[in-house]
Amino acid sequence: MAKSANQKLKLLFLLRYLMQHSDEEHPVSMAQIIEELARNGISAERKSIYDDVESLRLFGIDIVQLKGKNGGYYIGERDFELPE
């Protein structure tokens, strides 16, 4: 697969999407993540996103994965919550 111009920005787009669109009550699915990346001109496969999520975790971002029918990903602990 040929790399797109924004491919190096994939981690940043992923982090921004999770920060803006996910929380404990609203996890985002893998399909939603892939769709959002595509809107930004980034082609991605599930396997590469698993690696990206793990890289963000190693960097210190608290990304929680829910398994099951209504599963998905969300940012667990944030520096500031909305009420703050």
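Computed from a predicted model, the values in this text were never measured in an experiment.
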In a table with atom names and distances, give each donor-acceptor pair under 3.5 Å that connects a side chain of residues 59-73 to protein atoms at least two apart or in another chain.
| residue | atom | partner | partner atom | Å |
| --- | --- | --- | --- | --- |
| Asp62 | OD2 | Glu77 | N | 2.8 |
| Gln65 | NE2 | Tyr73 | OH | 3.4 |

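Among residues two or more places apart in sequence or in another chain, the side-chain contact (heavy atoms from CB on, under 4.5 Å) test is passed with Leu9 by Asn6, Leu12, Phe13. For Arg16, there are no salt bridge (Lys or Arg N to Asp or Glu O under 4.0 Å) partners two or more places apart in sequence or in a different chain. Looking at residues two or more places apart in sequence or on another chain, you find no side-chain hydrogen bond (donor to acceptor under 3.5 Å, both in side chains) involving Ser55.
Pairs passing the salt bridge (charged side-chain N to carboxylate O under 4.0 Å, His left out) check and including a residue from residues 30-44, sequence neighbours excluded, read Glu35-Arg39, Glu36-Arg39.
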Next on the checklist: Pair His21, Tyr74 - check side-chain contact (heavy atoms from CB on, under 4.5 Å), show working.
Outcome noted: CA-CA 8 Å; His21 295 95; Tyr74 67 91; over 6 Å; no

Next on the checklist: Test side-chain contact (heavy atoms from CB on, under 4.5 Å) on Ile75 and Asp23; report intermediate values, then the result.
Outcome noted: CA-CA 6 Å; Ile75 302 290; Asp23 60 32; over 6 Å; no

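Looking at Asn40, its side chain never comes within 3.5 Å of a backbone N or O of Ile42 through a donor-acceptor pair.
Note: Lys10 NZ to Leu15 CG = 14.0 Å, rounded to the nearest 0.5 Å. Once rounded to the nearest 0.5 Å, the distance linking CG of Asp51 with CZ of Arg46 reads 12.5 Å. The CD1 atom of Ile34 sits 10.5 Å away from the CG atom of Leu14 when rounded to the nearest 0.5 Å.
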